[in-house]
Amino acid sequence: MASDLVMLRLDKAGHSYDGERWQFRALDLGLSAGEITAILGPNGRGKSTLLRVLAGLLKPTSGVVDCNPRTGFVPQEFSGAFPYSVLDIVLMGRARHIALFGTPGPADVEKAMAALDATGMADYAARSIGSLSGGERQLVLIARALAGENDVLLLDEPASALDLKNQDIVLSLLGRLADGQKLAIAFTTHQPNHATAIADRVLLMLPDTQTLFGPTEVVMTESSLESLYGVPVSAVRLGSGDREETAFVPLFRQRARRSGRHG
Amino acid sequence: MSSEGAARRPARATIVLLVIALAVTAVAALGIGRYDIPFLRVIAILLAPVSPPDIAVTPMEANVVFTVRLPRILMAVLAGAGLALSGAALQGVFRNPLVGPQVVGVSSGAAFGGTLAILLGLPRYGLLASAFAFGLSAIVLVYALNGIVARRNILALVLAGVVVTGFFGALVSLVQYLADTEDKLPAMVFWLLGSFATANRDKFLLVAAPVVLGGLLLIGLRWRINLLSMGDEDARTLGVPVEPLRWLVLVLVSCIVAAQVAVSGVIGWVGLVVPHMARLLVGPDHRVMMPASLITGALYLLVIDTVARTATSTEIPLGILTALIGTPVFALVLRQTQRGNHGL
């Protein structure tokens, strides 16, 4: 499934805002075409910082980032100040291809519509972004990144604020984009099951600047997730026949207390 | 593609209607005043150089239309267009619909330059040059201050504008305090209140160059302003060089505003109110909203100036009228926008 065409690479890279506390250090990471990488870590550990270093928004404090100019970044949520139409938003993804004093032409509109088509949002083109649900906005932001004809797609918690159905829509879209358009994709998430669902590789941002990076089935274990979050995690085998998968279930203390009272 | 065309067609039709309304209003305004000329007669006078009318144009008519009213009307049109376009660009760049051309400190810098020139008794062109120079120096100060505080921080930029505005505001008060109350203080007060009463061909040319040039460049950047309005980080991920582009917009706005204040004093509220009207008419996309602002601004200030010179036997200072009319209009427009807005 994975080709070896590396589209974006971190070489012994590290980042620290104050020179004392490091978000990551001496990290080697490669994003390959057609491959999905999930980045997991506790709150405030530096997942978003890593994503911004990958995107070239932040310079690494040490080491080298081999940035790719054809990188699309999908923010966690829409941050615009004005209720532009969906098509206007997606057209913004064409910015790198349009001259300083230029405006998008028919060819750009065509590419934007194709991107909206790929995310299943073509019917929404004329709607105002303000009238869309959170899940729909996320799909529009992904379409915007696609309209830029990028090789790499970086997504900051793309499914964190979505309900189960929209999580399913976004995750399967990312899977299709990796398989069909051979994009190199990396996303941050708090849901281990999102990683097992679509990721080929997983990066765990463990305590004390340690990281663990490797194929999903190798990295995602009960013990590694427990040391990642500090909460006991149980791997449950589900399904049968051709669809068998592992789900990770956290064993919250609260549930133990209640079952002790009633059971 | 068809949906893009369909979405933008009404906006284009609205802009065409605005242009027609502006042309009709301008011709009507040429006839309105103490010496009234009927609308069709104004058209005949305007066309006289190409096709002489049946009743020959009297020297009085030619004088009123071409020498007295035309420069004033063109200046009002240019100033209104420039202020509204500046406001539209700034609201996009600062991602804040409550921002106007005053926010970058240029108006108050130019106001200080003008009052200082009156205090020093500089001749007319000295006043224009001084107002323009201090207006531009305000933006240089804002840039320097922003650099000292935090180069990439947009809030620091707004605060730098507030500081520079306050500084020049204090200097204007100081100059007024020093001025002699018989002669120079009234001149300063009237100049600061804004007026096109002293419009002539030279002043028109002086304001035309920066406004037309800066306006054309701003219009050229109208789609980039969509990108800037998404926020700094988002714009950067889209490949936009945020800081240089923002400063380019600010410098263009400064040239327009400094030129306008130099020839006609401080005219508030136009740059704040008109972009909201334009957004109501054609939507938030700066590609159509900025041209719509430009024409609406021209129309708006032309109407207000015509009222200012004809409503009473003496002229009403423009700054008073734009504020008196602008504030309730702003409240109404805001109410409309809040209704049509989907929670953003």
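Below, chain A is the first sequence line, B the second, and so on; all start at residue 1.
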Answer yes or no: is there a side-chain heavy-atom contact under 4.5 Å between Tyr17(A) and Leu58(A)?
-> yes
Looking only at Val240(B), Leu221(B), Asn226(B), Leu227(B), most heavy-atom pairs under 4.5 Å shared with chain A are made by Asn226(B)
For each of Leu217(B), Leu248(B), Leu245(B), tally heavy-atom pairs with chain A at distances under 4.5 Å, and name the one with the top tally.
-> Leu217(B)
Ring centers of His286(B), Phe82(A) separated by less than 6.0 Å = yes
Less than 4.5 Å to any heavy atom of chain B: does that hold for the side chain of [X], its backbone, both, or neither?
X	answer
Ala55(A)	neither
Ala99(A)	backbone
Leu132(A)	neither

Would you check if there is a donor-acceptor pair between the side chains of Ser131(A) and Tyr124(A) at a distance under 3.5 Å?
-> no
Will you find, in the side chains of Ser48(A) and Asp156(A), an N or O donor that is under 3.5 Å from an N or O acceptor?
-> yes
Between Arg224(B) and chain A, which part of the residue has a heavy atom less than 4.5 Å away: side chain, backbone, both or neither?
-> side chain
Ion pair Glu149(A)/Arg70(A), N-O distance below 4.0 Å = no
Donor-acceptor contact present, side-chain [X] to main-chain [Y], <3.5 Å:
X	Y	result
Thr209(A)	Phe24(A)	no
Ser85(A)	Asp88(A)	yes
Asn150(A)	Val152(A)	no
Arg94(A)	Ala147(A)	yes

Within residues 86-96 of chain B, which positions have a heavy-atom distance to chain A below 4.5 Å?
-> Gln91(B), Gly92(B), Arg95(B)
